Amino acid sequence: MVPRTSSDALRASFSFPQDTISTARWALHWLLLGLTLCTTTLVGVVLTHSFQTNQPLYLDQYLNVFSTLQARPLLLLDGLAFSITLMTILLAHELGHYFACRYYGIDASLPYFLPFPSPIGTLGAFIRIRSPIYTRQALFDVGIAGPLAGFAVLVPALVIGIGESKVIPGIANRGDLIFGVPAIQRFFEWIIFPHVRSADVLLHPIARAAWVGILATALNLLPIGQLDGGHILYAFAGGRHKLLSRIFVLALLPLGYFYSYSWFVWAALLFFFALRHPVIYDITKLDRNRVVLGVAALAIFLLTFTLAPLR
């Protein structure tokens with residue numbers, strides 16, 4: 001978070017009181033949290049069993065997870081290494097946004113987790129911003145606070161997880177699920193396992209949780225619409241945000257053709273549901289500290305982005 005400056009004074013005129021959270025809303029937060037812990041822990045069981053038996057990932061391992069647990073019930077506890085690490089990263093990201101909103105008096109909800117039966121066990125998490133953002137500086141700070149907080153948590157998790165990983169020739173290119181290798185993962189693999197190819201590293205479930213956090217960070221930093229990267233782009237580009245967002249959505253199409261069909265899905269979702277951005281009537285330019293943080297956000301995006309995240 002950037003310290004207060006004199007140009008932040010506008011926020012005082014537009015503060016919104018934080019409403020009391022109802023019992024029903026608390027119940028919903030806890031329910032989604034519990035369900036996401038369950039779905040991600042089941043994924044953790046699959047990843048842990050694969051790691052302990054030195055096997056690549058196959059889809060039938062997900063389908064047979066309850067049979068695996070019946071034979072080895074203690075794997076449920078082992079699966080928590082993945083789920084707790086992942087949920088901590090996601091929580092840090094969303095709390096970054098939440099506390100930035102609180103700083104500016106912007107009405108925002110606590111994080112909602114999204115359970116989902118998939119190879120990673122979740123669709124992530126989000127907060128609802130229920131009041132307008134009136135200044136570019138507030139928009140920038142709210143947008144960047146999440147990726148910075150999540151990144152600060154995922155980096156040590158990645159280092160610890162890679163440190164616990166194994167070297168097995170060709171393991172990462174076998175199986176039904178082939179994970180992409182972002183630059184930050186390759187960097188730490190090179191440090192911890194010199195002269196070892198990324199394809200020969202079987203990631204520990206903690207490192208795989210960090211990988212999911214890396215993917216979430218990269219997707220959120222896409223400079224499009226109402227994503228975190230879109231907020232940052234608007235804070236810099238203002239009225240050009242609309243055109244630039246459409247250009248970046250179109251740029252996802254060749255990625256879908258050459259690397260992964262999932263980019264077609266993301267392009268469609270972003271085009272129809274997240275392309276528009278609320279107008280902010282503020283011509284104040286960002287100060288030097290925020291420009292530096294904007295460059296840092298670009299560096300984080302380049303470190304975490306993968307052309308083909310999952311095949």
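Residue indices begin at 1 and follow the sequence shown. The structure displayed is predicted, hence computed values, not measured ones.
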Going by atom type alone, with no hydrogens or angles, which donor-acceptor pairs under 3.5 Å involve a side-chain atom of residues 171-187 and a protein atom two or more places apart or on another chain?
unit_1: Arg174; atom_1: NH1; unit_2: Pro169; atom_2: O; d: 3.2
unit_1: Asp176; atom_1: OD2; unit_2: Leu59; atom_2: N; d: 2.9
unit_1: Gln185; atom_1: NE2; unit_2: Glu189; atom_2: OE2; d: 2.9
unit_1: Arg186; atom_1: NH1; unit_2: Glu189; atom_2: OE1; d: 3.2
unit_1: Arg186; atom_1: NH1; unit_2: Val196; atom_2: O; d: 3.4
unit_1: Arg186; atom_1: NH2; unit_2: Val196; atom_2: O; d: 2.8

Side-chain donor-acceptor pairs of residues 199-207 under 3.5 Å, sequence neighbours excluded:
unit_1: Asp200; atom_1: OD1; unit_2: Gly170; atom_2: N; d: 2.6
unit_1: Asp200; atom_1: OD1; unit_2: Arg197; atom_2: NH2; d: 2.8
unit_1: Asp200; atom_1: OD2; unit_2: Arg197; atom_2: NE; d: 3.2
unit_1: His204; atom_1: ND1; unit_2: Ile206; atom_2: N; d: 3.0

Mind listing the side-chain donor-acceptor pairs of residues 71-89 below 3.5 Å, one per line with the distance, residues two or more places apart or on another chain?
unit_1: Arg72; atom_1: NH2; unit_2: Gln52; atom_2: OE1; d: 2.6
unit_1: Ser83; atom_1: OG; unit_2: Thr41; atom_2: OG1; d: 3.0
unit_1: Ser83; atom_1: OG; unit_2: Leu80; atom_2: O; d: 3.4
unit_1: Thr85; atom_1: OG1; unit_2: Ala81; atom_2: O; d: 2.6
unit_1: Thr88; atom_1: OG1; unit_2: Ile84; atom_2: O; d: 2.6

May I have the list of side-chain donor-acceptor pairs in residues 293-311 shorter than 3.5 Å, sequence neighbours left out?
unit_1: Thr304; atom_1: OG1; unit_2: Ile300; atom_2: O; d: 2.8
unit_1: Thr304; atom_1: OG1; unit_2: Phe301; atom_2: O; d: 3.3

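For Ser262, the side-chain hydrogen bond (donor to acceptor under 3.5 Å, both in side chains) partners at least two apart in sequence or on another chain are Ser260. Here Trp26 pairs with Ile21, Trp30, Leu110 under the side-chain contact (heavy atoms from CB on, under 4.5 Å) rule; sequence neighbours left out. Residues that satisfy the side-chain contact (heavy atoms from CB on, under 4.5 Å) test with Arg128, not counting sequence neighbours, are Ser109, Tyr112, Phe126, Arg130. Under the rule for a side-chain contact (heavy atoms from CB on, under 4.5 Å), the partners of Ala267 that lie at least two apart in sequence or sit in another chain are Val249, Leu252, Leu253. With sequence neighbours left out, Leu42 forms a side-chain contact (heavy atoms from CB on, under 4.5 Å) with Val65, Phe66, Leu69.
Residue pairs meeting the salt bridge (Lys or Arg N to Asp or Glu O under 4.0 Å) criterion with at least one member in residues 253-264: none, sequence neighbours excluded. The salt bridge (Lys or Arg N to Asp or Glu O under 4.0 Å) contacts involving residues 44-68 comprise nothing, where partners must be two or more places apart or lie in separate chains. Sorted by first and then second residue, the side-chain hydrogen bond (donor to acceptor under 3.5 Å, both in side chains) pairs with a member in residues 228-251 read His93-Asp228, His97-Asp228, His231-His277, His241-Ser245; sequence neighbours excluded.
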